[in-house]
Amino acid sequence: MSSVLSRLWRARGSLSSPSSTTTETLVVYLSRALSTSSVNSGIEEVKAGASSSLSLNKPLLLRRDPKGRHVQWVFLGCPGVGKGTYASRLSNMLGVPHIATGDLVRDELASSGPLASQLSEIVSQGKLVSDEIIIDLLSKRLEAGDAKGESGFILDGFPRTIRQAEILEGVTDIDLVINLKLREEALLAKCLGRRICSECGKNYNIACIDIKGENGNPGMYMAPLPPPPHCASKLITRSDDTEEVVKERLRIYNEMSQPVEDFYRSRGKLLEFDLPGGIPESWPKLLQALNLENHEDKQTVAA
Ligand code: ADP
């Protein structure tokens, strides 16, 4: 514990904050929230690297933590790649919460809390929220989950900077980082086609992606993901899913978040997964890559 704490102090020092006391409290808060998980995952051992579409720089064995805690996984990937879809499906399957920091930011915006106007400007420009604010939101979410007896997590959208990755690595030992990859031509179309049900929050997509194979490169088809009738009249688009803002988000991802891939790659935690197409093709392959079996996949293709 003392080494974790000293790493926390170092991480705290690297955060640019107007108030060091606040940051110190936040990081300790995050640490506490992360260290209290204690329920078994039911997954004895998961071996990653089974699929030919994957490349792991070394074999990765995911074992149940000695304390018997739930899995702690992270999803990385460009805007529009489908992190939310696959993270949410896996969280249902593994019985751990899916925590998307983008959702936390949008919840804060919707609540019109004290941070709302500041966040609105940042998000509408496709920029990243400060490390301090995002850690504050994440800490509160983890604390609230802990109070409800939640354990483990699948993080989506965090960490997005090296500093966030260092802080997270300082407070807990992430088991696995799944790096979802999709051809660039599809990313913009997927963001522009995204539709969300304002009532149930489920994501759909009206884009039909049909990339023709050429010059030896294979084609790719991703069918639209239409909403069921009860959601169809309640669809909204995210305010940051405009062409200009998506391009800026993609630029920022490449600049700020791609180094996070290297961070985890060098620690042997990164599982690269090239999405072969839409959910029907990709989901079984992802499960295979994780050596997970979905005995009763009763979910529809809409995650
Ligand atoms: P994307 O589709 O671009 O991956 P998200 O839904 O994950 O978007 O996040 C929406 C916005 O919330 C981001 O553009 C950013 O402003 C903010 N955000 C989410 N997670 C983080 C983070 N870890 N660090 C900084 N900003 C974040």
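Start at 1 and go down the list; that is how both ligands and their atoms are numbered.
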Write out the residue and atom name of the closest protein heavy atom to [atom], then the distance separating them to 0.1 Å.
atom: atom 20 (N) of ligand 1; value: T101 OG1, 2.8 Å
atom: atom 14 (O) of ligand 1; value: K127 O, 3.9 Å
atom: atom 27 (C) of ligand 1; value: I134 CD1, 3.6 Å
atom: atom 17 (C) of ligand 1; value: V129 CG2, 3.9 Å
atom: atom 10 (C) of ligand 1; value: R106 NH1, 3.6 Å
atom: atom 9 (O) of ligand 1; value: G102 CA, 3.4 Å
atom: atom 5 (P) of ligand 1; value: R160 NH2, 3.5 Å
atom: atom 3 (O) of ligand 1; value: R249 NE, 2.9 Å

Just which atoms of ligand 1 are under 4.0 Å from any heavy atom in [X]?
X: G157; result: 20 (N), 21 (C), 22 (C), 23 (N)
X: K83; result: 4 (O)
X: V123; result: 16 (O)
X: Q164; result: 22 (C), 23 (N), 24 (N), 25 (C)
X: L128; result: 25 (C), 26 (N)

- What do you reckon, does R238 have a nitrogen or oxygen under 3.5 Å from a nitrogen or oxygen of ligand 1?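 For ligand 1, there is an N or O atom that lies under 3.5 Å from one belonging to R238.
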- Aromatic F263 / basic R267 pairing, under 6.0 angstrom, 45° off normal: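 Output yes; distance and angle both within limits.
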- Task: Check step by step if side-chain contact (heavy atoms from CB on, under 4.5 Å) holds for Q164 and F158.
- Result: CA-CA 7 Å; Q164 290 175 12; F158 186 95; 3.3 Å; yes
- Query: Touching ligand 1 at all, R194? Heavy atoms, strictly under 4.0 Å?
  - Reply: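 So R194 counts as touching ligand 1.
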- Does the side-chain contact (heavy atoms from CB on, under 4.5 Å) test come out yes or no for L225 and T85, once each step is laid out? CA-CA 11 Å; L225 204 56; T85 299; 5.7 Å; no
- Could you please spell out the steps behind the salt bridge (Lys or Arg N to Asp or Glu O under 4.0 Å) verdict for E150 and R141? CA-CA 11 Å; E150 277 181 3; R141 170 64 186 82; 3.0 Å; yes
- Item | Criterion salt bridge (Lys or Arg N to Asp or Glu O under 4.0 Å) on R265 and E272, from CA distance to verdict | CA-CA 9 Å; R265 190 177 289 113; E272 307 270 18; 2.6 Å; yes
- Message: Between D131 and T161, does the side chain to side chain donor-acceptor pair (under 3.5 Å) criterion hold? Intermediate values first, please.
- Response: CA-CA 8 Å; D131 291 338; T161 64; 3.2 Å; yes
- Query: If you take all heavy atoms of H98 and S88, which pair is closest and at what distance?
  - Reply: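 Of all heavy-atom pairs spanning H98 and S88, the closest is ND1-CB, 3.5 Å.
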- Residue pair I174 / K269: nearest heavy atoms and the distance that separates them: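 Nearest heavy atoms, I174 then K269: O-NZ, 2.9 Å.
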